[in-house]
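Naming: A, B, ... by sequence-line order, numbering from 1 per chain.
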Protein chains: 2
Amino acid sequence: MPQSGAGEGELAQKIKLSTIADALGVSTATVSLALRDSPLVAGLTRERIKEHARAIGYIYNRRAASLRTSRSGIVGVVVHDIMNPFFAEILRSIESELDRSRQTFILSNHYDQLEKQRTFIDTLLQLGADGVIMSPAIGTPPEDIVMAEENGLPAVLIARTVEGAEVPVFRGDDAYGTGLATNHLISLGHRRISMIGGTDQTSTGRDRFQGYMTAMENAGLEVKPHWRIPGPRTKQAGFEAASQFLALKDRPTAACCWNDLVAIGLMNGIARAGLVPGVDISVTGYDDLEEAAIATPALTTVWNGQREVGRRAASALLDKLNGQSVRPSQELIRPELHVRQSTGKPRERV
Amino acid sequence: MPQSGAGEGELAQKIKLSTIADALGVSTATVSLALRDSPLVAGLTRERIKEHARAIGYIYNRRAASLRTSRSGIVGVVVHDIMNPFFAEILRSIESELDRSRQTFILSNHYDQLEKQRTFIDTLLQLGADGVIMSPAIGTPPEDIVMAEENGLPAVLIARTVEGAEVPVFRGDDAYGTGLATNHLISLGHRRISMIGGTDQTSTGRDRFQGYMTAMENAGLEVKPHWRIPGPRTKQAGFEAASQFLALKDRPTAACCWNDLVAIGLMNGIARAGLVPGVDISVTGYDDLEEAAIATPALTTVWNGQREVGRRAASALLDKLNGQSVRPSQELIRPELHVRQSTGKPRERV
DNA sequence: CTGAAAGCGCTTACAG
DNA sequence: CTGAAAGCGCTTACAG
């Protein structure tokens, strides 16, 4: 309802605690307590106050309250890019977890630009945010996180680690995960396997590459450096990498991709070139996005536990806010291989 | 930098304006003015103050400021679902537009639940947000928007209209857009065309269906009711609709889809059934997501101006905040047909 | 060009 | 169970 006494289109007199107090002949302290269901206020008084507040359309001023209590009810979330469905799935589970504690969340993309990330942390500090969940931008120095914590903004990391920052980290076991995918391809009979996408500049990138290398070495397979095509992390880039991949000397029979987006883009590119992904070339993804199951062919990929990551990160942060001590530790979610139709035996004899 | 004088891991004494004022022997008024680059303060004084503030790691308290000024620097954005790339693209352009005015934005999904949307608007009111950009949930009564505006929260709508709400609306000309797609199919020789996805409960849904119907009627083509498969709006749902579509009596030779997601899902389903989209069945999408161009086959679709929608909506809201009068009007972005490989002549003689 | 003082709208000890 | 008063950290007239 609009505020009582509002004239034609004009803003009414602002309704505040004292408006209610005056109308009911009680003090603002009593109103404040009543609205927050304090047992200190008599049941009848409380009901009268709450009913009146509702009737005249009172709006609680959180800025004023938070200035006094120094709790704002705001949590910041900053990731590389929300357009990436991997993060979008994480965000959804963060959202539903925070919702239950009536925390509002502010979202930002840093696009791996340190400056954008710093501006956002600064904004959170100025707003008096209660905490931040972040997938740190490439090159984030531990000091940035220490600074936030020292100024009363507890942090929890997702997806990527920052060496030297003593905060909880929730992410998948990336080395183990790409190991699963690579071993799956090897067990199908593939001997020449490409690794497509990703970067050495993030912990995730290094771990995933490591998992692939280790699996190849353990199987006694040679890895030619040019079989690795670093960089792509999007569908578009995967699509564009297809021609480069197909033109490779000693062309591999399979590609272990950085993530599902790259894998799907690559498959599209392979199909565009007249080859059949899953038959002519085997492809694995990473993340198991909702979309992986309906790709053509359905994508063999590694489930990365994004729902879990989001849920646990949010709940760890809430624990921190509520004063419970949360150990700075690496929580590794164990990935699982989901085999579908994009992988098969190599076509040619090896 | 951490605050000066911080002990081992302990939170330092909070640094505020008066800390700086005391240290420099000036008043808080002068410090406040200086930090905001007021010309009222002598250049030298200003520099001394700003330098000192930086040195001791002063953090501006926006809650306190906004309590005083009643401007919070916060803008709310609420959409159906940020995981939908259509909205994700809009959000990006909103973000870059707001960034330039140093406004922070708070994001929320309402998943077409009125209750979630109301909770969010309430939160914005409590935080004293400066405005809201929304794609209204199905069934949003105009009163909800009027209430927000009367309480000092100006609103701008995107993508969907709410009858009776006197606020600016930015969206594509949906009827015209599906008309483009349908006419394209007709001109290729298709006579039986299906409409897949969408709902009559939103203005967008009604408009898109209307555009399809009008085009069919103008071409003197019959439309069998069961050729319409309402509902799907996601890739998954489009995928699942494929079998229903393929089993249709008098099966249409083409499908005009609600959006790109449905179209891509449908094409995947068609391919899974052993038919070739673009050859056996023509498919059109809507939105022209980045992904449309790299789908297999590349998707013929209607560009919906999402970048434009986001940019203009944000800039209209900023104008409103700055006191410029913004007419409540429908801004229809004119869609464009982008022809690619998912459409062709009908295979069978008609 | 600078300072003293009031006030934004809450909550929290402290009395009673 | 309820009230009077101080204070959170800013900004804004108002004086000088």
Side-chain angles (χ1 to χ4, degrees), chain A residues 3 11-50 52-53 56-74 125-130 151-152, chain B residues 3 11-50 52-53 56-74 125-130 151-152:
Chain A
Q3 305 195 337
L11 240 62
Q13 186 66 29
K14 198 87 189 171
I15 296 175
K16 43 193 178 182
L17 277 194
S18 63
T19 316
I20 302 176
D22 292 350
L24 265 40
V26 297
S27 73
T28 59
T30 302
V31 177
S32 171
L33 259 13
L35 290 180
R36 281 173 297 143
D37 284 322
S38 162
L40 285 176
V41 178
L44 190 67
T45 317
R46 194 194 320 152
E47 286 320 311
R48 260 177 66 220
I49 291 174
K50 294 181 79 169
H52 186 71
I56 65 174
Y58 168 70
I59 292 170
Y60 178 69
N61 188 326
R62 267 162 73 161
R63 289 168 293 175
S66 107
L67 183 58
R68 184 60 225 257
T69 63
S70 58
R71 274 285 292 255
S72 64
I74 292 175
L125 289 169
Q126 295 184 3
L127 290 172
D130 297 332
N151 284 294
Chain B
Q3 306 195 335
L11 242 62
Q13 186 65 30
K14 198 86 188 169
I15 296 175
K16 43 192 177 180
L17 277 193
S18 64
T19 316
I20 301 175
D22 291 352
L24 264 40
V26 295
S27 73
T28 58
T30 302
V31 176
S32 171
L33 260 11
L35 291 180
R36 281 173 298 144
D37 284 323
S38 162
L40 285 176
V41 178
L44 190 66
T45 317
R46 192 192 324 150
E47 285 320 310
R48 258 177 68 220
I49 291 174
K50 294 181 79 167
H52 186 71
I56 66 175
Y58 168 69
I59 291 170
Y60 179 67
N61 187 325
R62 267 161 72 160
R63 289 168 294 176
S66 107
L67 183 57
R68 183 63 226 255
T69 62
S70 59
R71 274 285 295 253
S72 63
I74 293 176
L125 288 169
Q126 295 183 3
L127 290 172
D130 297 333
N151 284 294

- Query: Does a side-chain N or O from Arg36(A) land closer than 4.0 Å to OP1 or OP2 of dT12(C), or not?
  - Reply: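 For dT12(C), OP1 or OP2 has a side-chain N or O of Arg36(A) closer than 4.0 Å.
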- Closer to the 5' end of DNA chain C via nearest nucleotide, is it Lys16(A) or Leu40(B)?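 With Lys16(A) and Leu40(B) compared, the 5'-side residue is Leu40(B).
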- Item | Euclidean distance, Ile20(A) CD1 relative to Leu35(A) CG, rounded to 0.5 Å |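 One gets 5.5 Å once the value is rounded to the nearest 0.5 Å.
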- d(CD1, Ile20(A); P, dT11(C)) in whole Å: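 From Ile20(A) CD1 to dT11(C) P: 11 Å.
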- Query: Taking atom P of dC1(C) as reference, at what distance in whole Å does atom CG of Leu44(B) sit?
  - Reply: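 Going from Leu44(B) (CG) to dC1(C) (P), I get 12 Å.
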- State whether Thr30(A) places a side-chain N or O below 4.0 Å from either non-bridging phosphate oxygen (OP1 or OP2) of dG3(D).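 So the side chain of Thr30(A) is within the cut-off, an N or O lying under 4.0 Å from OP1 or OP2 of dG3(D).
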- Just how far, in rounded Å, is P of dG9(D) from CZ of Arg71(A)?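 For the pair Arg71(A) CZ and dG9(D) P, the rounded distance is 17 Å.
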- Message: Could you tell me if the side chain of Lys16(A) sits less than 4.5 Å from the side chain of Thr28(A), heavy atoms only?
- Response: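 When only atoms from C-beta onward are counted, Lys16(A) and Thr28(A) do not touch, as no gap falls below 4.5 Å.
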- Query: Does a nitrogen or oxygen in the side chain of Ser27(B) sit under 4.0 Å from OP1 or OP2 of dT2(C)?
  - Reply: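 Answer is no, no contact under 4.0 Å.
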- Query: Closest to the Arg68(B) side chain: dT2(C), dT12(D), dT11(C)?
  - Reply: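 Comparing dT2(C), dT12(D), dT11(C) against the side chain of Arg68(B), the answer is dT12(D).
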- Query: What is the distance, rounded to the nearest whole Å, between atom CG of Leu127(A) and atom P of dC8(D)?
  - Reply: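 Roughly 20 Å, once rounded to whole Å.
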- Item | Atom-to-atom span, CD1 of Ile59(B) to C1' of dG9(D) - whole angstrom |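 Checked: the CD1 to C1' distance equals 13 Å.
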- Within the side chain of Arg36(B), is there an N or O that forms a donor-acceptor pair under 3.5 Å with the backbone of Ser32(B)?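 Checked: pair present.
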- Find out whether Ile15(B) and Ile59(B) are in side-chain contact, i.e. whether some heavy atom of one side chain is under 4.5 Å from a heavy atom of the other.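 No, too far: nothing below the 4.5 Å cut-off.
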- Message: Side-chain N or O of Tyr58(A) versus OP1/OP2 of dC10(C): is the shortest distance under 4.0 Å?
- Response: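 Result: yes.
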- Does any N or O in the side chain of Arg63(A) come within less than 3.5 Å of the main-chain N or O of Ser72(B), such that one atom is a donor and the other an acceptor?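 Here the side-chain-to-backbone pair does not exist.
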- Take the protein atom CG of Leu33(B) and the nucleotide atom C1' of dC14(D), then report the distance between them rounded to whole Å.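 It is 13 Å, rounded to the nearest whole Å.
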- Which comes earlier along DNA chain D counting from the 5' end, the contact point of Gly25(A) or that of Thr69(B), where each point is its nearest nucleotide?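 By nearest-heavy-atom nucleotide position, the 5'-most residue is Gly25(A).
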- Message: I want to verify a distance call: between dA5(C), dT11(C), dG9(D), whose nearest atom is closest to the Leu67(A) side chain?
- Response: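 Given the options dA5(C), dT11(C), dG9(D), the side chain of Leu67(A) is closest to dG9(D).
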- Task: Side chain of Leu17(B) only, please: which of dT2(C), dC10(D), dG3(C) is the nearest?
- Result: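 Of all the options, the side chain of Leu17(B) is nearest to dC10(D).
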- Query: Got a second to check how far Thr69(B)'s OG1 is from Arg62(B)'s CZ, nearest 0.5 Å?
  - Reply: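 Between atom OG1 of Thr69(B) and atom CZ of Arg62(B) there are 10.0 Å.
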- Given dC10(C), is OP1 or OP2 found less than 4.0 Å from the side-chain N or O atoms of Arg63(A)?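 No, Arg63(A) has no side-chain N/O under 4.0 Å of OP1/OP2 on dC10(C).
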- Item | Rounded distance in Å - CG (Leu125(B)) to C1' (dG9(C)) |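 After rounding, the gap between these two atoms is 16 Å.
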- Give the rounded distance in Å between these two atoms: CG of Asn61(B) and C1' of dC8(C).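 That distance rounds to 13 Å.
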- Message: Taking the nucleotide of DNA chain D with the nearest heavy atom to each, does Thr28(A) or Ala42(A) sit closer to the 5' end?
- Response: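 By nearest-heavy-atom nucleotide position, the 5'-most residue is Ala42(A).
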- Note on the structure: Taking Watson-Crick and G-U wobble contacts under 3.5 angstrom, with | marking pairs to another strand and [ ] crossing pairs, the secondary structure of DNA chain C is written |||.||||||||.|||
- Query: Say you draw a straight line from CG of Asn61(A) to CG of Leu67(B); how long is it, rounded to the nearest 0.5 Å?
  - Reply: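 Reported value, rounded in 0.5 Å steps: 6.0 Å.
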- Picking from dC10(C), dT11(D), dT2(D), which would you name as closest to the side chain of Val41(A)?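 From the listed options, dT2(D) comes nearest.
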- Quick one: is dT2(C) close enough that its OP1 or OP2 comes under 4.0 Å of any side-chain N or O from Thr45(B)?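 So the side chain of Thr45(B) is within the cut-off, an N or O lying under 4.0 Å from OP1 or OP2 of dT2(C).
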- Using a cut-off of 4.0 Å on non-hydrogen atoms, how would the nucleic acid contact of Ala65(A) be classed: base, sugar-phosphate, or nothing?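 It contacts sugar-phosphate atoms only.
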- Item | Touch class at under 4.0 angstrom, heavy-atom based, for Ala29(A) against every strand present |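 Base, at least one base heavy atom under 4.0 Å.
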- Beyond-backbone contact of Thr45(B) with Leu24(B), side-chain heavy atoms, under 4.5 angstrom: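 Contact flag for Thr45(B)/Leu24(B) side chains = no.
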